[in-house]
Amino acid sequence: MIETRHWQLAHGRSLELGPQARIMGVLNVTPDSFSDGGRYVAVESALARAEAMLAEGAAIIDVGGESTRPGAEPVGEAEEQERVLPVIEALAAHGDALISIDTYRAATARRAVEAGAHIVNDVWGLQRDSAIAEMAAATGAGLVVMHTGREREKLADVIADQRLFLRRSLEIARAAGVADAQIVLDPGFGFAKEPAENAALMARLDELSDLGFPLAVGTSRKRFIGHYTGREVDRRAVATAATSALLRLKGAAIFRVHDVAENRDALCMADAMLAAGKEREAV
């Protein structure tokens with residue numbers, strides 16, 4: 001059974017991880033994201049999409065203002081903030097949903113937390129702008145620290161490379177005073193990884209448990225799913241849900257997805273299987 005943890009978040013919030021899989025719903029307020037670019041750039045449409053995902057079972061809404069797909073054009077800090085801050089403010093005013101900001105910029109992360117975000121999701125693992133760690137230490141925000149293979153030479157073994165990169169990220173976090181209870185690690189499926197590397201990472205995800213932190217995963221609609229299934233990006237919900245269930249059995253706690261309902265159902269079944277196994281062990 002996956003160990004129970006209480007993830008410390010900003011604004012005095014926390015989230016229990018372990019007994020129940022937690023879903024992080026993707027809310028891209030960008031014109032060029034790989035699967036839903038342009039759909040939710042208006043605050044009203046973004047808020048409606050967030051409400052729908054929460055109703056379907058999302059525990060967290062992850063707001064992103066810059067596409068991280070391969071080849072995407074970077075945006076400036078000011079433009080990123082113009083996209084995300086009104087949405088975060090609207091979400092924070094609308095209810096008590098947990099809000100994540102998907103950014104690698106410390107200034108955007110700080111303003112997002114001030115606007116009501118509870119979590120910072122950094123796809124560069126604190127290694128593009130290490131000041132994110134200092135901001136998290138000061139605010140108590142939760143941190144999703146992601147592995148990436150971009151702009152660096154990777155080790156041949158996928159797990160060895162995970163450990164090399166993530167241990168450096170953890171050094172940055174601890175040097176800044178971030179508490180372990182604030183940290184979740186993400187192996188970064190699809191970020192400069194070939195299909196076979198992603199499949200190997202799925203098969204061996206449980207080996208990352210020795211790092212001692214809860215794991216978040218984001219396979220949703222990724223290119224490697226299309227490679228194996230032959231499906232276009234808008235027809236990968238079923239295969240994504242399959243990866244979520246498999247990764248739950250390998251120890252993942254949080255699942256960043258576009259299609260909440262399908263993944264919720266798959267994860268309910270994985271959780272039922274895990275609970276049944278725990279009951280048998282207790283006999």
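With rounding to the nearest 0.5 Å, the separation of NE2 in His118 from CD1 in Ile88 is 10.5 Å. To the nearest 0.5 angstrom, Ser45 atom OG is 8.5 Å from Leu27 atom CG. To the nearest 0.5 angstrom, Thr240 atom OG1 is 10.5 Å from Leu247 atom CG. Interatomic distance, CD1 of Ile132 versus CZ of Arg105, reported as 9.5 Å (0.5 Å rounding). The distance from atom CD1 of Ile61 to atom CE of Met24, rounded to the nearest 0.5 Å, is 9.5 Å. Within the model, atoms CH2 of Trp124 and OG1 of Thr103 stand 13.0 Å from one another, a figure rounded to the nearest 0.5 Å.
The shortest heavy-atom contact between Ala192 and Gly149 is CB-C, 3.4 Å. Across all non-hydrogen atoms, the minimal contact from Ile225 to Ala239 is CG2-CB, 3.5 Å. Of all the heavy atoms in Asp129 and Ala106, the pair that sits closest is OD2-N, 2.9 Å. Of all heavy-atom pairs between Ala107 and Gln81, the closest is C-NE2, 3.7 Å. What you find for Val43 and Pro86 is that their closest heavy atoms are CG2-CB, 3.8 Å. In terms of heavy atoms, Ala176 sits closest to Ala137 at O-CB, 3.3 Å.
Residues satisfying the side-chain contact (heavy atoms from CB on, under 4.5 Å) test with Asp265, not counting sequence neighbours, are none.
Ionic pairing of Asp122 and Arg128 is not present here: no N-O contact between side-chain nitrogen and carboxylate oxygen is shorter than 4.0 angstrom. The existence of a salt bridge linking Asp161 and Arg152 is confirmed by a sub-4.0 Å separation between a basic side-chain nitrogen and an acidic carboxylate oxygen. Look at Glu171 and Arg167 and you find no salt bridge, because none of the NZ, NE, NH1 or NH2 atoms lies under 4.0 Å from a carboxylate O. A salt bridge does not link Lys154 with Glu194: every distance from a Lys NZ or Arg NE/NH1/NH2 to an Asp or Glu carboxylate oxygen is 4.0 Å or more. Ion pairing of Asp180 with Arg174 is present here, as a side-chain N (NZ or NE/NH1/NH2) and a carboxylate O approach within less than 4.0 Å. Between Glu80 and Arg83, none of the side-chain N atoms (NZ, or NE/NH1/NH2) sits under 4.0 Å from a carboxylate O, so this pair counts as no salt bridge.
Looking only at side-chain heavy atoms (C-beta outward), Val145 and Phe213 stay at 4.5 Å or farther from each other. Proximity of His147 to Lys193: side-chain heavy atoms (C-beta onward) are separated by under 4.5 Å at one or more points. Side-chain atoms of Met202 and Phe189, non-hydrogen and from C-beta on, do get closer than 4.5 Å to each other. Under the 4.5 Å side-chain criterion, counting only non-hydrogen atoms from C-beta, Leu126 is not in contact with Arg168.
Tyr228 and Leu201 fall within a single hydrophobic cluster, where Ile, Leu, Val, Met, Phe, Trp and Tyr side chains are chained together by heavy-atom contacts under 4.5 Å. Both Val63 and Leu143 are members of a single hydrophobic cluster when ILVMFWY side chains are connected at heavy-atom separations under 4.5 Å. Taken together through direct or relayed side-chain contacts under 4.5 Å among Ile, Leu, Val, Met, Phe, Trp and Tyr, Ile60 and Val144 form part of one hydrophobic cluster.
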Would Ser169 and Gln127 satisfy side-chain hydrogen bond (donor to acceptor under 3.5 Å, both in side chains), going step by step from the backbone distance to the final call?
CA-CA 7 Å; Ser169 295; Gln127 297 188 41; 2.9 Å; yes
Test side-chain hydrogen bond (donor to acceptor under 3.5 Å, both in side chains) applied to Asn121 and Ser100, step by step
CA-CA 7 Å; Asn121 179 15; Ser100 170; 4.7 Å; no
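Annotation for Arg13: atom CZ counts as buried by contact number, over 12 foreign heavy atoms lying within 6.0 Å.
Of the residues Arg204, Arg163, Gln162, the one that meets the side chain to side chain donor-acceptor pair (under 3.5 Å) test with Asp157 is Arg204.
When atom types are taken as modelled, the side chain of Lys250 and the backbone of Leu246 share no donor-acceptor pair closer than 3.5 angstrom. A donor-acceptor pair is defined here as one N or O able to donate and one able to accept, closer than 3.5 Å; no such pair exists between the side chain of Gln182 and the backbone of Gln8. A donor-acceptor pair under 3.5 Å links the side-chain atoms of Arg236 to the main chain of Lys222, judged by distance alone.
A donor-acceptor contact closer than 3.5 angstrom is absent between the side chains of Thr4 and Glu16. No hydrogens or angles considered: a donor-acceptor pair under 3.5 Å links the side chains of His258 and Ser220.
Applying the salt bridge (charged side-chain N to carboxylate O under 4.0 Å, His left out) test to pairs two or more places apart or on separate chains, those with a residue in residues 52-65 are Asp62-Arg256.
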